[in-house]
Amino acid sequence: MAEEGSTIDIDGSIMEGGGQILRICTALSCLLGLRVRVMKIRAGRSTPGLRPQHLSGLETVRDLCCGQLEKAEIGSTEINFAPGRIKGGALTADTKTAGSVCLLLQVSLPCVLFAESPSELIIFKGGTNAEMAPQIDYTTMVFKPAAERFGFKLDCDIRKRGYYPRGGGEILVRVSPIKYLKPINLTDRGTITKIYGRAYVAGVLPYKMVKDMISAAVRCIRRELRDLYVNIQGVQEPADKAVGNGSGIIIVAESSTGCIFAGSSLGKKGVTADRVGAEAAEILLRNLRHGGCVDEYLQDQLIIFMALADGVSQIKTGPLTLHTQTAIHFTEQLTKPNRLSLQ
């Protein structure tokens, strides 16, 4: 760890090379009181540098801890961040695009857990169901119960859903600060006991798409898991609770020991509803075959909490994703290593 007052240099182009590096490093900077300089931000991407979503995340962390953020503007490939004290309080973060509200939550949550104020109120605005990010349904149905094992309560109210390209979604998050995080042990998967989910359409899209997504998903699942009832709820989003047109599905599997896995997919132009449903089912089944206790999308999201927990956490996973390897690399760079145990 760097000496007090010195700056830790972060190469934002290595490994996953995307916004995840910014989220992990600024959150840990905020929590540990470390100055960081992140360089070569998203250098390998087709549009290098900060996008609106990344900038919103940085500004949110800055505002949470009254920090100093330099060189942060759209397209910047280098930023400097010096954190202050995490005071908490009410805050609104708006991507002003369809950028993911879930990624704003990802960077903010570790920080607000250790805020000085007794409660936290954050409104995130943007896309709730966006490509290249967890769907809000994944956050509430999979991430939330897994993260709460560390000993905190996450209250997430979906006020309005927003889809690409308009965004306009809004979630309200409340977190009560804690003194410490408990280590977790997720090494016994048990047997799969439940499969359920949610398929939806919003805007002008026909409800038939919901039925097609559900039918295709159930057919796919039953080829491998014949004895379990698959309960996927179909939803037509109310006009006053959704902005724009969107469709998608999430399918969740629960085990006898409380492990939760999911597969999800979003509707896109040129892709049939059948294909969307089958894709979500195939992702879920792929994550059930490896015998681990978390799916490939939860792995990396838990690393920062494992590192911050008061003790050693253990999680049995399937193959480590590049996102997870990246999370481990930068978390170890900024904290004490040897506190993570991934089997």
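Every heavy atom of this structure was used, including side-chain atoms; hydrogens, water molecules and symmetry mates were not. Along the sequence shown, the residues carry numbers beginning at 1.
- Checked by atom type and distance alone, the side chain of Q299 pairs as donor or acceptor with a backbone atom of P319 at under 3.5 Å.
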Test R51 against I41 for side chain to side chain contact (heavy atoms under 4.5 Å, CB included), laying out the working first. CA-CA 10 Å; R51 305 307 303 148; I41 296 169; over 6 Å; no
I would like to know whether R223 and E282 meet salt bridge (charged side-chain N to carboxylate O under 4.0 Å, His left out); could you show each step before the answer? CA-CA 11 Å; R223 285 199 287 268; E282 287 162 3; 5.1 Å; no
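- The backbone N or O of R189 sits less than 3.5 Å from a side-chain atom of S255, completing a donor-acceptor pair.
- I14 is listed as a side-chain neighbour of H329, based on a closest heavy-atom distance under 4.5 Å.
- The local environment of CZ in R286 is crowded, with over 12 non-hydrogen atoms from other residues, nucleotides or ligands closer than 6.0 Å.
- Within the 4.5 Å cutoff, the side chain of T7 has heavy atoms near those of the D9 side chain.
- Side-chain contact of D274 with T272: a donor-acceptor pair under 3.5 Å is absent, judged by distance alone.
- The number of heavy-atom neighbours closer than 6.0 Å to NZ of K268, taken from other residues, nucleotides and ligands shown, is above 12.
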From CA spacing to verdict: side chain to side chain contact (heavy atoms under 4.5 Å, CB included), L109, V112: CA-CA 5 Å; L109 179 58; V112 298; 4.2 Å; yes
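- When each of N287, T317, T324 is paired with E296, the side chain to side chain donor-acceptor pair (under 3.5 Å) condition holds for N287 and for no other.
- Remark: D212 engages K208 in a side chain to side chain donor-acceptor pair (under 3.5 Å) (not counting sequence neighbours).
- Panel note: side chain T257, backbone D188; a donor-acceptor pair is recorded below 3.5 Å.
- In terms of modelled atom types and a separation under 3.5 Å, the side chain of T77 and the main chain of R42 share no donor-acceptor contact.
- Across V230 and V218, no two heavy atoms sit closer than the pair CG1-CG2, 3.9 Å.
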Test side chain to side chain contact (heavy atoms under 4.5 Å, CB included) applied to Y138 and D295, step by step: CA-CA 11 Å; Y138 184 94; D295 65 41; 2.6 Å; yes
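- Contact annotation: the side chain of F305 never approaches that of I184 to less than 4.5 Å [non-hydrogen atoms, C-beta and beyond].
- K182 places none of its side-chain heavy atoms less than 4.5 Å from the side chain of F152.
- No donor-acceptor pair closer than 3.5 Å links the side chain of D300 to the backbone N or O of A327.
- Ion pairing between R45 and E16 holds under the 4.0 Å rule for side-chain N and carboxylate O.
- Both F143 and I158 are assigned to one and the same hydrophobic cluster, defined by single-linkage of ILVMFWY side chains at heavy-atom distances under 4.5 Å.
- In E148, the CD atom is crowded: over 12 heavy atoms of neighbouring residues, nucleotides or ligands sit closer than 6.0 Å.
- I260 and I251 fall into different hydrophobic clusters, where Ile, Leu, Val, Met, Phe, Trp and Tyr are joined by side-chain heavy atoms under 4.5 Å apart, directly or via other members.
- Grouping the Ile, Leu, Val, Met, Phe, Trp and Tyr side chains by contacts below 4.5 angstrom, directly or via other members, places L31 with I24.
- Residues I21 and L105 are members of one and the same hydrophobic cluster, defined by side-chain heavy-atom contacts under 4.5 angstrom among Ile, Leu, Val, Met, Phe, Trp and Tyr.
- Considering only heavy atoms from C-beta on, F150 comes within 4.5 Å of S313 through its side chain.
- In this structure, the side chains of L69 and E59 come closer than 4.5 Å at one or more pairs of heavy atoms.
- When atom types are taken as modelled, the side chain of S76 and the backbone of G49 share no donor-acceptor pair closer than 3.5 angstrom.
- Put simply, the side chain of V107 does not reach to within 4.5 Å of the side chain of L103, judged on heavy atoms.
- Cluster annotation: I283 is not connected to I232 through the hydrophobic network of ILVMFWY side chains, with a link wherever side-chain heavy atoms come within less than 4.5 Å.
- Not one N or O on the side chain of Q53 forms a donor-acceptor pair closer than 3.5 Å with the backbone of T95.
- Looking only at distances, no side-chain donor or acceptor of K87 sits under 3.5 Å from a matching main-chain atom of R85.
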Run the side-chain donor-acceptor check on residues 124-131: report pairs under 3.5 Å with partners two or more places apart or on a different chain.
from : atom 1 : to   : atom 2 : distance (Å)
T128 : OG1    : G162 : N      : 3.0
T128 : OG1    : G162 : O      : 3.3
N129 : OD1    : R161 : NH1    : 3.4
N129 : ND2    : Q135 : OE1    : 2.8
N129 : ND2    : D137 : OD2    : 3.0
N129 : ND2    : Y200 : OH     : 3.2

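- Not a single donor-acceptor pair under 3.5 Å links the side chain of R37 to the backbone N or O of E78.
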Evaluate L288 against L225 for side chain to side chain contact (heavy atoms under 4.5 Å, CB included), listing each step before the verdict. CA-CA 10 Å; L288 295 180; L225 300 170; 3.9 Å; yes
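- Although no hydrogens or angles enter the test, the distance criterion places a donor-acceptor pair under 3.5 Å between the side chain of S29 and the main chain of L34.
- Looking at heavy atoms from C-beta onward, S56 lies in side-chain contact with L104 at the 4.5 angstrom threshold.
- Residue-environment remark: NZ (K144) exceeds the threshold of 12 foreign heavy atoms within 6.0 Å.
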